[in-house]
Amino acid sequence: MDESVLSPHVYTQQADSVAFHLLGRRLVRYTSEGVLAGLITETEAYLPDGDPANHASRGETPRNASMFLAGGHWYVYLVYGVHYCLNLVTGREQSGEAVLIRGVSPTHGHEHIRANRPNVAPRDLTNGPAKLTKAFAIDTDWDGTFLADSSLTITETDTHPPNEEIHTTDRVGISKARDRFLRYVWVGSPQY
DNA sequence: GGTGGGATTAGCT
DNA sequence: GCTAATCCCACCA
């Protein structure tokens, strides 16, 4: 793989635009045992406009501090005491916005991914925000790291889906401000 | 200082 | 469909 790291022109935009542009690009994790990678198939934007579902909406705390870094940093947190969620911080420093990576389609390191997700059907390996962090063994070690300077990154690809393959829907899994069309799904994305 | 609720998932009824 | 798992911390007292 000789793809370049995601351009600052993408991750410095606001979260809804970044969520759109991340579809089809590649999430890549480098490990001592090889490369794990997958095309991003589902994202969700959290904007800094008073959205109560945004972790940054009530100001900076130790937990959400990474969300106030400049666009291009990772924000990783633990939900329900059990699962990790991976977000790419977007926009300018201190703006407090991010994109949740909700799904990928594996392209590299299939064996390693399967080993991290025992007893799971192929289509369920990485089709959820906590499923993909488990599959890629991503945890809070990456919280606050910068994508261009981390063993976890996103690369440019020639696989950005055509507009008609991108559907926007209301968000899921949250109780506040659900009725906003900030979830982006690449329908018909390649399935492993 | 106590309490309640998560940006979820898997397993069971 | 329902619920347990299990940690952090925001919020109220």
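These numbers come from the heavy atoms of this one structure, side chains and all, not from hydrogens, waters or symmetry mates. Letters A, B, ... are given to chains in the order of the sequence lines, protein chains preceding strands, and every chain is numbered from 1. Bear in mind the structure is a predicted one, so any value in this text is a computation, not a measurement.
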key: With sequence neighbours excluded, residues passing salt bridge (charged side-chain N to carboxylate O under 4.0 Å, His left out) with A:Glu165   = none
key: Sidechain-backbone polar pair: A:Thr153 side chain, A:Ala148 backbone, donor-acceptor under 3.5 Å   = no
query = With the sugar-phosphate defined as primed atoms, P, OP1 and OP2, and the base as all remaining atoms, what B/S/- string results for nucleotides 5-13 of chain C, 5' to 3', for protein heavy atoms under 4.0 Å?
reply = BBB-SSS--
Any A:Arg117 side-chain nitrogen or oxygen under 4.0 Å from OP1 or OP2 of B:dA10 = yes
Any N/O pairs under 3.5 Å between the protein and nucleotides 11-13 of chain B? List them or say none.
none

task = Round to the nearest Å and state the distance from A:His55 atom NE2 to B:dG6 atom C1'.
result = 7 Å
message = Below 30° counts as parallel, above 60° as perpendicular, anything between as tilted: where do the rings of A:Tyr75 and A:His55 land?
response = perpendicular
inquiry  = Taking any heavy-atom pair under 4.0 Å as a contact, classify A:Lys131: base, sugar-phosphate, or nothing.
reply    = sugar-phosphate
task = Mind calculating the distance between CD (A:Glu42) and P (B:dT8) to the nearest angstrom?
result = 10 Å
note = With sequence neighbours left out, the residues meeting side-chain contact (heavy atoms from CB on, under 4.5 Å) with A:Ala56 are A:Asn54, A:Met67, A:Phe68
task = Send over the distance from A:Asn87 CG to B:dT8 C1', rounded to a whole Å.
result = 13 Å
key: Rounded distance (nearest 0.5 Å) linking atom CG of A:Leu27 with atom OG1 of A:Thr41   = 10.5 Å
key: Side-chain cluster (under 4.5 Å, hydrophobic types only) that A:Leu69 belongs to, other residues   = none
query = Can you list the stems that include DNA chain C, where a stem is three or more consecutive Watson-Crick or G-U pairs with distances under 3.5 Å?
reply = B:1-6 with C:7-12, B:8-12 with C:1-5
inquiry  = In this structure, would A:Leu182 and A:Tyr11 fall into the same cluster of hydrophobic residues linked by side-chain contacts under 4.5 Å?
reply    = no
key: For atom CG of A:Leu47 and atom C1' of B:dA7, their distance in whole Å   = 14 Å
request  = In whole angstrom, give me the gap between the P atoms of B:dG2 and C:dT6.
outcome  = 23 Å
message = With rounding to the nearest 0.5 angstrom, report the CG to CD distance, A:Asp49 to A:Gln14.
response = 8.0 Å
remark   = Taken to the nearest whole Å, CG/A:Leu132 to C1'/B:dT9 is 13 Å
query = Within a reach of under 6.0 Å around NZ of A:Lys134, are more than 12 heavy atoms found that belong to other residues, nucleotides or ligands?
reply = no
Under 3.5 Å donor-acceptor, A:His160 side chain and A:Leu23 backbone = yes
ask   = In Å and rounded to the nearest 0.5 Å, what is the OG to CZ distance from A:Ser150 to A:Arg29?
value = 9.0 Å
query = When you compare B:dA7 with C:dG1, how far apart are their P atoms, in angstrom units rounded to a whole number?
reply = 22 Å
ask   = Distance between the C1' atoms of B:dA10 and C:dC8, in whole angstroms?
value = 22 Å
